[in-house]
Amino acid sequence: MGHDLYTTAITAGRPKAEPGAPMNVPIHLSSTFHANGHYGYVRDGNPSSAAFEEAIGALEGGHALAFASGIAALNAVLDMVPTGAIVVAPLHAYSGTMKRFMELEAQGRLQVRRVPMDDARGLAAAAAGAALLWLESPTNPLMEVCDIRAAVAAGRAQGALVAVDNTFATPMRQRPLELGADIVMHSATKYIAGHSDALLGVLVTSTHELHADLAQRRVLLGAAPGVLETTLALRGIRTLPIRMDRAEATARELAQRLTRHQAVTRVRYPGLASDPGSSTHARQASGPGAMVVIDCIGSVEAVERMCDGLSIWVHATSLGGVESTIERRARWSAESPDVPAGLVRLSVGLEQVDDLWDDLLRGLNSLL
Ligand SMILES: *Cc1c(COP(=O)(O)O)cnc(C)c1O
């Protein structure tokens with residue numbers, strides 16, 4: 001429709017406007033529908049999830065399909081890749097994504113070339129003969145920035161599909177389909193739903209053909225989402241633009257302050273001019289987002305104690321909710337060995353900036 005994204009987030013995925021029609025698509029708790037209509041069995045699709053898909057598709061500029069989780073969405077894309085094919089995957093990325101690629105490699109299902117996302121030359125070289133490039137930018141949790149246009153060009157030249165995990169940036173900051181990618185993936189569990197109350201994934205494709213192919217795979221992988229989850233995520237989309245604006249403004253301020261704290265040896269955030277990914281990110285995204293990652297001094301125990309001892313920041317995994325969360329990522333055995341023991345991931349939420357800073361400052365000072 002060509003509306004601004006702030007408007008689209010409000011208007012997309014509504015029932016047809018007519019007298020007496022509801023403002024919102026109802027939660028259709030029905031596993032089956034009367035024969036000979038648009039909907040049949042719920043594993044194939046349902047009207048509540050379709051409303052969410054319409055909205056996220058409009059924001060990303062493509063055709064959306066919701067999945068039971070982000071990982072279910074990843075698996076549907078991997079299902080398209082022929083056995084034995086070469087795929088390019090991030091060396092560092094969301095731990096579940098890395099684990100899945102490594103598993104498929106160990107099983108002999110795929111030949112996986114793992115490349116750091118900020119290595120454009122390495123990506124171009126690895127793309128030779130590949131069927132799929134799976135990108136993530138910025139990466140979780142090292143905040144590496146991938147030059148998406150360059151990777152797309154390398155993939156195109158090989159006839160490879162290019163998919164981008166856009167979970168950290170959201171369509172409010174980065175739209176990979178406009179940069180030439182074929183598929184965008186989200187863990188909608190994070191910013192899209194935005195309230196830490198739903199598990200959900202989504203793929204958005206550049207073409208109807210890819211959408212139809214993936215829709216068939218979703219049916220037979222049994223990866224369709226629940227209607228409560230898609231309804232919550234659509235509600236989340238209504239405030240996604242303003243949540244991102246506020247969280248990002250706070251994140252920018254906190255990132256600046258963190259660069260001056262003696263317990264912090266490095267701040268990883270593409271909104272800092274000193275960040276190695278800042279210029280590439282600025283060429284492809286309209287803002288740095290609200291994930292800030294810091295490398296802290298002190299023992300593992302001291303950093304864990306800091307995370308436990310905060311009162312506003314919630315010590316918890318996951319990200320992208322209204323509440324700010326903090327976590328030492330190396331506490332997970334699936335995390336990359338390249339993630340330093342003292343690396344702490346901050347998901348900046350919507351609380352007041354000085355309240356967040358004072359709380360964090362108390363924790364950081366305990367490391368000195
Ligand atoms: C959480 C996350 C995923 C996995 O999504 P789920 O919804 O938990 O299955 C994938 N990629 C990124 C970047 C994530 O943060």
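Ligands are counted one by one from 1 in listed order, and the atoms in each one are counted from 1 as well. Reckoned from all heavy atoms, side chains included, excluding hydrogens, waters and symmetry mates. For clarity, every value in this text was computed on a predicted model and none was experimentally measured.
Under the side-chain hydrogen bond (donor to acceptor under 3.5 Å, both in side chains) criterion, Ser347 pairs with no residue, sequence neighbours left out. By the salt bridge (charged side-chain N to carboxylate O under 4.0 Å, His left out) test, Arg243 pairs with no residue at all, sequence neighbours left out. For Arg149, the side-chain contact (heavy atoms from CB on, under 4.5 Å) partners are Asp147, Leu179, Arg283, Gln284, not counting sequence neighbours.
Salt bridge annotation for Lys99-Glu103: absent, with no cationic side-chain nitrogen under 4.0 angstrom from a carboxylate oxygen. Using a 4.0 Å cut-off between charged side-chain N and carboxylate O, Asp358 and Arg362 make no salt bridge.
Within 4.0 Å of ligand 1, protein heavy atoms belong to Ser69, Gly70, Ile71, Tyr94, Glu136, Asn140, Asp165, Thr167, Met185, Ser187, Thr189, Lys190, Leu199, Leu200, Leu319, listed by chain and number.
The shortest non-hydrogen separation linking Pro116 to Leu91 is N-CB, 3.6 Å.
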